[in-house]
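Notes follow once the structure below has been shown.
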Amino acid sequence: LMIACRRACKNDVILFREIRLKALRDSPEAFGSTYESAMQRDKRSWEEQLWSTTAGGDRNTQFAFEDDLCIGIAALYREPGAASGDILMMWIDPGYRGSSAASSLVDELISWANESGFSAVFLDVTDSNSRAIKFYENQGFQDTGAKVEVDFSRNLSGIRMIRKLD
């Protein structure tokens, strides 16, 4: 299984929308956004979100591929001037869970964060998602002890995890 990751580029808008919708449909309980709200977004809003991540040191969207098939996505955002950021939108196609796709995405984002001078990377994970929590622990993340609200209306809560960088 040859899995490769690459940073999103400007002409990936259709792919970005497709993969994001697939993720929201497949794993609604993992995200604060919903499939329904994402379906209502116009092309411009997808473009603006993606294009803010294709260059520079504050936002990065990564796709994972097996050959030409996109099998996963993850992004890392920080506010301009901030020392740390958050991993967002992490999703792997169900057929590729347990492969190296997830760890490859995290590795890419962490090495970019190191190059870009991040001091730490955070993420929120739904507290019922024990598989994801275990995965992130294996990737060097620790529970901060903070509880987060993922989506109040759907009664989804989570934990906040951190990985310090040097």
When rounded to the nearest 0.5 Å, the distance separating CG of D127 from CG of D124 is 11.0 Å
Quiz item: Can you tell if the side chain of S52 reaches within under 4.5 Å of the side chain of R59, non-hydrogen atoms only?
Solution: yes
Are R6 and E108 side-chain neighbours, meaning at least one heavy-atom pair lies under 4.5 Å? no
Across all chains, not counting sequence neighbours, the salt bridge (Lys or Arg N to Asp or Glu O under 4.0 Å) partners of E47 are K43, R44
**Cation-pi, F122 ring and R163 (6.0 angstrom, 45 degrees)** = no
Go through the side-chain N and O atoms of T34 and S37 and say whether any donor and acceptor fall under 3.5 Å apart. yes
Q. Quick one: does R20's side chain have a donor or acceptor within less than 3.5 Å of a partner on M89's backbone?
A. no
Measuring only between side-chain heavy atoms, which start at C-beta, is F141 closer than 4.5 Å to V121? yes
Q) Are the side chains of L24 and S33 in touch, meaning some heavy atoms are under 4.5 Å apart? A) yes
One should read off an interatomic distance between Y35 OH and S27 OG, to the nearest 0.5 angstrom, of 14.0 Å
Q) Mind checking whether V13 and W51 have side chains closer than 4.5 Å, heavy atoms only? A) yes
Heavy-atom closest pair (I71 atom, A101 atom, distance to 0.1 Å) is CD1-CB, 3.9 Å
- Decide yes or no for L105 and I92: does some side-chain heavy atom of the first lie under 4.5 Å from some side-chain heavy atom of the second? yes
So CD1 of I19 and CD1 of I14: to nearest 0.5 Å the spacing works out to 13.0 Å
Exercise. Does any N or O in the side chain of S45 come within less than 3.5 Å of the main-chain N or O of R41, such that one atom is a donor and the other an acceptor?
Worked result: no
Worksheet item: Linking I/L/V/M/F/W/Y whenever any side-chain heavy atoms sit under 4.5 Å apart, do I159 and I87 land together?
Response: yes
For Q142, I'd like to know if atom CD has over 12 heavy atoms of other residues, nucleotides or ligands within 6.0 Å.
no
(message) Cation-pi check for F118 against R78: NZ or CZ below 6.0 Å from the six-membered ring centre and within 45 degrees of the axis, yes or no?
(response) yes
(request) Look at the side chain of S116 and the backbone N and O of A113, then say whether any donor-acceptor pair between them is shorter than 3.5 Å. (result) no
Distance-only donor-acceptor check, side chains R160 and T144, under 3.5 Å | no
CH2 (W112) and CD1 (I110) are apart, to the nearest 0.5 Å, by 10.5 Å
**Under 3.5 Å: donor-acceptor pair, side chain of D67, backbone of L69** = no
Residues T61, R7; criterion side-chain contact (heavy atoms from CB on, under 4.5 Å); working and verdict = CA-CA 6 Å; T61 301; R7 190 171 187 173; over 6 Å; no
Closer than 3.5 angstrom, by distance alone: can the side chain of S119 be matched with the main-chain N or O of A83 as a donor-acceptor pair?
yes
L21 vs M39 side-chain heavy atoms within contact, under 4.5 Å: yes
For this session: Report yes or no: do V125 and V106 belong to one cluster of Ile/Leu/Val/Met/Phe/Trp/Tyr joined by side chain heavy-atom distances under 4.5 Å?
Result: yes
Does the R17 side chain pair with the main chain of D12, one donor and one acceptor, at a distance under 3.5 Å? no
(request) Report yes if the side chains of I73 and M90 come closer than 4.5 Å at any heavy-atom pair, otherwise no. (result) no
Margin query: Walk me through whether N60 and T53 qualify under side-chain hydrogen bond (donor to acceptor under 3.5 Å, both in side chains).
Written below: CA-CA 4 Å; N60 185 333; T53 73; over 6 Å; no
Just by distance, do the side chain of D151 and the backbone of S153 share a donor-acceptor pair under 3.5 Å?
yes
- Taking the side chain from T126 and the backbone from S128, do they hold a donor-acceptor pair closer than 3.5 Å? no
In this structure, CG of L50 is separated from CG of L15 (nearest 0.5 Å) by 8.5 Å
Residue set satisfying salt bridge (Lys or Arg N to Asp or Glu O under 4.0 Å) with K164, at least two apart, ordered chain then number -> none
Quiz item: Could you go step by step and tell me if D26 and W91 meet the side-chain contact (heavy atoms from CB on, under 4.5 Å) rule?
Solution: CA-CA 9 Å; D26 168 70; W91 179 78; 2.9 Å; yes
S157 vs F152, side-chain contact (heavy atoms from CB on, under 4.5 Å): CA-CA, chis, key distance, verdict:
CA-CA 8 Å; S157 58; F152 179 75; over 6 Å; no
OH of Y136 to CG of N138, rounded to nearest 0.5 Å, is 12.0 Å
With a 6.0 Å cut-off (strictly less than), is the heavy-atom count around CG of N11, excluding the residue itself, greater than 12? yes
